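Lettering of chains follows the sequences in order, A, B, ..., and the numbering in each one begins at 1. Being a predicted model, the structure only gives us computed values, none of them experimental.
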There are 2 protein chains.
Amino acid sequence: MPSDQQSSQPLTASEEAFVRELSRVMLALPRAVDADIVREAGLPLSEYTPLMHLSEAPGRAMRMSELAAACNITLSGMTRVVTRLEKQGWVERTKCAEDGRGWNAALTDAGLTRLEQAWPEFLASVRRHLVDHFKGQDLNQLTVALRHVATSENQPG
Amino acid sequence: MPSDQQSSQPLTASEEAFVRELSRVMLALPRAVDADIVREAGLPLSEYTPLMHLSEAPGRAMRMSELAAACNITLSGMTRVVTRLEKQGWVERTKCAEDGRGWNAALTDAGLTRLEQAWPEFLASVRRHLVDHFKGQDLNQLTVALRHVATSENQPG
DNA sequence: CGCATGTACTTGCCCCGTCAAGCAACTACT
DNA sequence: AGTAGTTGCTTGACGGGGCAAGTACATGCG
């Protein structure tokens with residue numbers, strides 16, 4: 001690989017267009033989906049996402065740090081989200097048995113109900129805004145590429 | 001198309017994986033690129049982007065609302081960004097000749113220089129984090145899909 | 001055992017961007 | 001021309017999330 005030489009070449013027209021369109025989507029899509037589920041289900045994406053992950057976890061509970069990682073926000077951000085969720089009664093904090101420093105965020109029955117109410121609108125919104133536009137495409141191939149993107153970002157360059 | 005029936009079907013496994021991986025990328029990628037150019041060039045993405053658009057505009061100037069639209073943020077958000085840029089001397093506000101209510105944000109020479117300093121790192125970062133992972137893919141097809149996503153988001157549903 | 005180092009979470013401070021409201025200037029209608 | 005309504009931008013209040021520092025517990029090493 002002719003390393004550095006190559007990274008200072010401008011992007012091709014196709015690459016450029018791709019980058020710009022993706023930038024646009026990265027800003028607009030979350031806002032659109034968030035607006036939909038806030039309007040239709042009264043639950044912002046920032047709260048929907050952790051509820052979803054919790055509902056899939058064994059025992060409907062996860063350590064704070066796991067949950068933060070799953071939702072791709074920092075632990076400190078997750079502290080605040082869980083505080084909000086706890087106030088509304090969707091989640092409870094329980095001390096972690098194996099590690100005195102750790103806490104589990106556990107989904108309550110009320111939280112699960114709330115999630116189930118919001119789920120159809122979330123699904124519809126994601127279909128409408130995103131999935132439907134990728135009909136003829138090889139999603140698996142795309143997903144692999146995205147996975148590489150997501151993992152490469154951990155080591156800054 | 002069997003419309004509504006379909007939108008309440010759960011996603012297929014491929015769709016689900018795609019949505020989740022994209023969500024991850026949408027959060028992580030901007031942070032990664034931002035961190036890179038802040039570290040290497042001292043310019044956050046939120047300021048790089050408007051400078052870039054201005055540099056490409058005729059006369060290196062754009063109306064506030066155009067610039068906001070180009071950067072996919074609200075006009076009020078752009079007011080604040082431009083205020084920051086102005087303080088640093090990269091941009092000047094000039095009254096719009098044709099419309100007394102309007103203002104142009106104009107890139108200064110210093111701003112252009114600043115942008116040119118940051119550009120290589122931006123380019124390298126975008127290549128490293130994003131473009132390089134899409135080597136064998138049909139970017140044009142992808143870009144078209146993304147464009148549909150971006151435009152569909154304007155009409156909420 | 002006792003101290004140094006490391007890890008899990010929380011909190012304070014701050015940046016960024018949104019929304020709603022306000023102001024100025026343009027447009028249309030009479 | 002005068003007034004009503006609209007548009008372009010700014011401002012105030014606010015929420016979300018990041019980073020760095022603080023706290024509480026855990027672990028390793030003398």
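Rounding to whole angstrom units, CG of residue B/Asp99 and P of C/dT27 are separated by 7 Å. Rounded to an integer number of Å, the gap from CD of B/Glu98 to P of C/dT27 is 11 Å. To the nearest angstrom, C1' of D/dG16 lies 15 Å from CG of A/Leu27. In this structure, B/Arg63 atom CZ and D/dG8 atom P are separated by 7 Å, rounded to whole Å. Rounded to a whole Å, the CE atom of B/Met78 is 16 Å from the P atom of D/dG8. Residue B/Arg31 contributes atom CZ, which lies 14 Å from atom C1' of C/dC16 at whole-angstrom precision. Protein atom CE of A/Met26 is 18 Å distant from nucleotide atom P of C/dC16, rounded to whole Å. In this structure, the CG atom of A/Leu45 is 17 Å from the C1' atom of C/dG17, given to the nearest Å.
The nearest heavy atom of DNA chain C to B/Ser46 and to B/Lys95 marks one nucleotide each, and the one closer to the 5' end goes with B/Ser46. In terms of position on DNA chain D, the residue among A/Gly77 and B/Gly77 whose nearest nucleotide sits closer to the 5' end is B/Gly77.
Between the side chains of B/Thr108 and B/Arg114, no donor N or O sits under 3.5 Å from an acceptor N or O. A donor atom on one side chain and an acceptor atom on the other are not found under 3.5 Å apart for B/Arg20 and A/Thr143.
Checking side-chain atoms of B/Arg127 against main-chain N and O of A/Pro10 turns up a donor-acceptor pair under 3.5 Å.
As judged by a 4.0 angstrom heavy-atom cut-off over every strand, A/Leu75 is placed among the base-contacting residues. Using a 4.0 Å heavy-atom distance criterion, B/Ser65 is classed as a sugar-phosphate-only contact.
When the side-chain nitrogen and oxygen atoms of B/Arg84 are compared with OP1 and OP2 of C/dC15, none of them lie within a distance under 4.0 Å.
The A/Arg101 side chain lies nearest to C/dA8 when the options are D/dC9, C/dT11, C/dA8. Distances from the side chain of A/Arg80 to the nucleotides C/dT11, D/dT10, D/dG16 place C/dT11 closest. Set against D/dG17, C/dG17, C/dT18, the side chain of B/Ser76 has C/dT18 as its closest nucleotide.
Within 6.0 Å of CD in A/Glu16 there are more than 12 heavy atoms belonging to other residues, nucleotides or ligands.
Using a 4.5 Å heavy-atom threshold, the side chains of B/Arg24 and A/Leu146 count as separate.
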